[in-house]
There are 2 protein chains.
Amino acid sequence: MAKIKDVAAAAGVSPSTVSRVLCNGPVSDKVRKRVEAAMARLDYRPNLAARRLRSQHTDTIGLIVSDIRNPFFTAVSRAVEDEAYRNGMRVILCNTDENPDKEAMYLRLMQEERVTGVIFAPTRQMVASIDPQALGFPVVMIDRVSADAATDAVVLDNRRAAAQLVGHLLQQGYRDIGGLFGNTSNTGMERHAGFSEALQQAGLAAPARFVAPSVEAAEQAVLQWLAEPARPQALLVSNGVLLLGAVRALKSAGLHWPQDVALVGFDNEVWTDLLGDGLTVVEQPVNEIGRTAMAMLLERLDEPERSQRIVVLQGKLVVRGSSLTL
Amino acid sequence: MAKIKDVAAAAGVSPSTVSRVLCNGPVSDKVRKRVEAAMARLDYRPNLAARRLRSQHTDTIGLIVSDIRNPFFTAVSRAVEDEAYRNGMRVILCNTDENPDKEAMYLRLMQEERVTGVIFAPTRQMVASIDPQALGFPVVMIDRVSADAATDAVVLDNRRAAAQLVGHLLQQGYRDIGGLFGNTSNTGMERHAGFSEALQQAGLAAPARFVAPSVEAAEQAVLQWLAEPARPQALLVSNGVLLLGAVRALKSAGLHWPQDVALVGFDNEVWTDLLGDGLTVVEQPVNEIGRTAMAMLLERLDEPERSQRIVVLQGKLVVRGSSLTL
DNA sequence: GCTGCAATTGAAATCGATACCACTTTTTGT
DNA sequence: ACAAAAAGTGGTATCGATTTCAATTGCAGC
């Protein structure tokens with residue numbers, strides 16, 4: 001494979017000049033044309049490893065999520081990647097499966113890659129221990145931040161979104177409302193907080209359960225809950241994965257919404273409006289989350305010393321049949 | 001950030017020795033311990049760019065798909081990434097949006113990255129023009145290969161799968177069967193071939209339509225088709241994305257399956273068993289596809305001269321309510 | 001105690017680009 | 001027309017690791 005020296009020889013110039021052509025440095029048009037012709041003739045491809053080593057910038061960002069198969073992360077990833085490539089950056093994607101060991105391992109990998117920055121959806125254990133200073137690159141957290149995080153972040157207004165769902169259920173006449181939340185992420189905790197507050201303000205109890213963030217765990221929990229005598233009239237479910245589990249549970253128990261139990265949740269996944277009269281959900285602005293995270297990372301790189309910033313985005317309540325009046 | 005020289009100085013050895021510790025070369029236990037202590041003390045992280053440049057292997061593979069938001073590719077990607085990381089390799093993910101220009105651009109990027117190999121789901125236009133020799137790295141194609149491809153490949157037995165669906169519909173008593181296929185991928189073409197053959201063998205017509213691979217295009221096409229007087233009794237839809245469009249179309253037209261029209265398709269997405277009595281589909285072995293593709297890439301790297309190999313996997317017919325007897 | 005071989009270690013070259021500096025040529029201003 | 005500034009070009013050092021080769025050490029066998 002041709003290298004810069006070969007191109008230089010073929011074009012009758014120095015390697016420096018070829019490099020300048022590559023980087024849009026000052027080169028006369030005549031020479032630039034000759035060099036470009038030589039590159040084309042030799043089918044030259046600059047070696048990015050060499051370039052990164054010498055120039056000390058990798059133009060690469062890390063994107064660390066729990067599981068790309070979660071449609072929320074799929075959508076966010078896609079938005080991040082588009083925005084990254086648009087800015088001439090590469091993305092390294094990592095799945096942690098909510099496993100703090102994997103998180104640590106991938107953060108280490110990011111250091112070895114000398115990434116320019118990282119966009120990270122951390123588990124609850126990890127949130128507080130992320131220190132961009134020690135890591136050596138800026139971090140933008142998404143989806144699961146707490147107030148004590150030391151980085152920029154893009155989050156949904158989880159409390160408010162949960163409260164909105166509760167408010168909607170109250171307005172529809174429901175009083176016995178249960179909440180199901182993921183136990184590994186801060187997001188679950190915040191949604192739980194919003195859920196509790198809203199119900200307490202209404203003077204109602206706020207029975208909540210916490211499960212591992214998997215379809216199966218949610219399905220089992222819901223099955224069990226609905227089999228109990230004190231079954232809630234309505235169920236609020238904290239994210240799309242758990243919501244799928246809840247739907248499966250209702251289906252296998254032969255229960256229907258909203259007659260047997262009303263169901264509301266988070267994440268406007270493609271199937272939520274196909275089921276019966278549709279599921280009422282809070283839709284997250286997934287594209288905006290991804291785009292914003294990438295934009296914040298770029299801004300931070302531009303201006304490393306600016307103060308920490310947290311962008312809070314609002315969800316959109318999408319009312320469908322699963323939460324109608326009894 | 002500490003470099004190998006600093007570690008060497010701290011441990012009182014030469015950089016060569018540190019490098020040997022890093023690469024499990026021959027080092028005495030005593031020295032190895034000292035070096036490892038020094039690394040830990042300095043929080044040393046090897047610079048992968050430097051390592052790649054010098055060692056001439058990047059341990060990185062490219063994964064080029066049309067859109068990670070397509071659940072089929074999501075699942076395959078995840079499998080590829082797991083298998084890659086398990087073998088100490090990094091993955092660079094690219095979305096081409098079925099756009100040949102983007103495909104070319106990303107292949108070029110892969111050359112600049114000096115990737116070890118690429119796993120690629122190409123558009124129909126691209127399939128024949130991929131030449132691993134010219135590219136400089138081995139390629140394993142997935143999902144959309146034709147007989148004239150010059151690379152290793154992992155594919156579903158698309159003809160047979162389509163024929164299976166048709167056979168199932170025939171057995172259930174359907175005779176007017178229409179097919180909807182994506183017009184950008186070879187996969188669509190093969191499924192169409194299997195569909196046509198099966199119907200011709202039964203002495204029946206095989207009306208088929210081709211659309212852009214998007215939910216919207218499929219929805220519109222199905223709406224229009226079902227509004228025509230010569231509406232088919234059953235519809236076979238070529239992949240999960242189009243299937244979603246078809247479901248939306250039926251819903252908005254107020255039609256029900258299987259009474260108004262039977263519906264079968266590809267890709268066992270999470271929502272296919274939640275709708276009514278469920279959708280009959282062929283499930284692709286997504287994990288196996290990803291794992292196998294990665295494994296084939298590794299084998300090819302191990303043995304560059306071995307003859308081209310195509311692994312054909314079988315889909316699994318999952319019968320549900322959408323295709324029951326009239 | 002000496003020889004020979006294997007196991008360790010170090011010195012220096014190298015991977016392929018960019019950065020920096022110095023030098024030449026061209027352009028600009030007066 | 002001349003000085004000063006700007007533009008264009010080449011030479012060389014350098015990024016941070018691995019690799020190669022040579023040198024040293026340790027140890028077994030006699």
Side-chain angles (χ1 to χ4, degrees), chain A residues 1-36 38-39 42-60 88 90 108-116 136-137, chain B residues 1-36 38-39 42-60 88 90 108-116 136-137:
Chain A
M1 177 144 267
K3 25 201 218 181
I4 205 169
K5 239 171 53 182
D6 304 322
V7 175
V13 298
S14 76
S16 320
T17 299
V18 177
S19 172
R20 276 186 281 259
V21 170
L22 248 31
C23 307
N24 287 314
V27 186
S28 68
D29 282 356
K30 208 179 57 183
V31 171
R32 162 165 276 124
K33 280 224 179 77
R34 246 189 17 243
V35 171
E36 281 169 350
M39 287 193 199
L42 299 180
D43 201 31
Y44 170 72
R45 297 284 183 280
N47 181 318
L48 289 182
R51 174 179 291 183
R52 289 181 182 135
L53 173 58
R54 177 62 245 229
S55 72
Q56 301 286 67
H57 44 79
T58 57
D59 292 345
T60 299
R90 234 65 56 231
R108 192 183 173 107
L109 174 64
M110 294 303 122
Q111 295 184 296
E112 300 188 350
E113 293 277 4
R114 303 290 193 272
V115 293
T116 304
F137 46 73
Chain B
M1 174 147 266
K3 26 202 216 181
I4 204 168
K5 239 171 51 181
D6 304 323
V7 175
V13 298
S14 75
S16 324
T17 299
V18 178
S19 172
R20 276 185 279 257
V21 170
L22 247 31
C23 306
N24 286 314
V27 186
S28 69
D29 281 355
K30 207 180 58 183
V31 172
R32 162 166 277 123
K33 280 224 180 76
R34 237 176 39 229
V35 171
E36 281 169 350
M39 287 199 211
L42 299 180
D43 201 32
Y44 170 71
R45 298 284 182 278
N47 181 320
L48 289 180
R51 172 179 293 183
R52 288 183 182 132
L53 173 59
R54 175 64 244 227
S55 71
Q56 299 288 71
H57 44 76
T58 57
D59 293 344
T60 299
R90 234 65 55 230
R108 194 184 171 106
L109 173 63
M110 294 302 123
Q111 296 184 295
E112 301 188 349
E113 292 276 4
R114 303 291 192 271
V115 294
T116 305
F137 46 73

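Labels below follow one simple rule: chain letters A, B, ... track the order of the sequence lines, proteins then strands, and each chain is numbered from 1. All heavy atoms count here, side chains included; hydrogens, waters and symmetry mates do not.
Annotation: side chain of B:Val18 is not in contact with side chain of B:Lys3 (no heavy-atom distance under 4.5 Å). Using a 4.5 Å cut-off on side-chain heavy atoms (C-beta onward), B:Glu112 and A:Arg51 make no contact. Using a 4.5 Å heavy-atom cutoff, the side chains of B:Leu48 and A:Leu109 are in contact. A:Arg114 has its side chain out of reach of A:Gln56: every pair of non-hydrogen atoms, C-beta onward, lies at least 4.5 Å apart. Looking at heavy atoms from C-beta onward, B:Asn24 lies in side-chain contact with B:Arg32 at the 4.5 angstrom threshold.
Taking atom NZ on A:Lys33 and atom P on D:dG8, their separation rounds to 14 Å, with Å as the unit. In this structure, CZ of A:Arg52 is placed 19 Å from C1' of C:dA19, rounded to the nearest angstrom. Protein atom NE2 of B:His57 is 9 Å distant from nucleotide atom C1' of D:dT18, rounded to whole Å. Summarising the geometry, the separation between CZ on B:Arg32 and P on C:dA7 is reported as 15 Å, rounded to the nearest angstrom.
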Tabulate atom names and distances for all N/O pairs under 3.5 angstrom spanning the protein and nucleotides 26-29 of chain C.
none

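Between the CD atom in B:Gln111 and the CZ atom in B:Arg108 there is a gap of 7.5 Å [rounded to 0.5 Å].
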## Note on the structure
Readout for nucleotides 13-18 of chain C: B = base within 4.0 Å of protein heavy atom, S = sugar-phosphate only, - = neither; 5' to 3' it is BBBBBB

### Task
Could you please spell out the steps behind the side-chain contact (heavy atoms from CB on, under 4.5 Å) verdict for B:Arg34 and B:Val13?
CA-CA 9 Å; B:Arg34 237 176 39 229; B:Val13 298; 3.4 Å; yes

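Checking side-chain atoms of B:Arg52 against main-chain N and O of B:Thr58 turns up a donor-acceptor pair under 3.5 Å.
For the pair A:Ser14 and D:dG11, the criterion of a side-chain N or O lying under 4.0 Å from OP1 or OP2 is not met.
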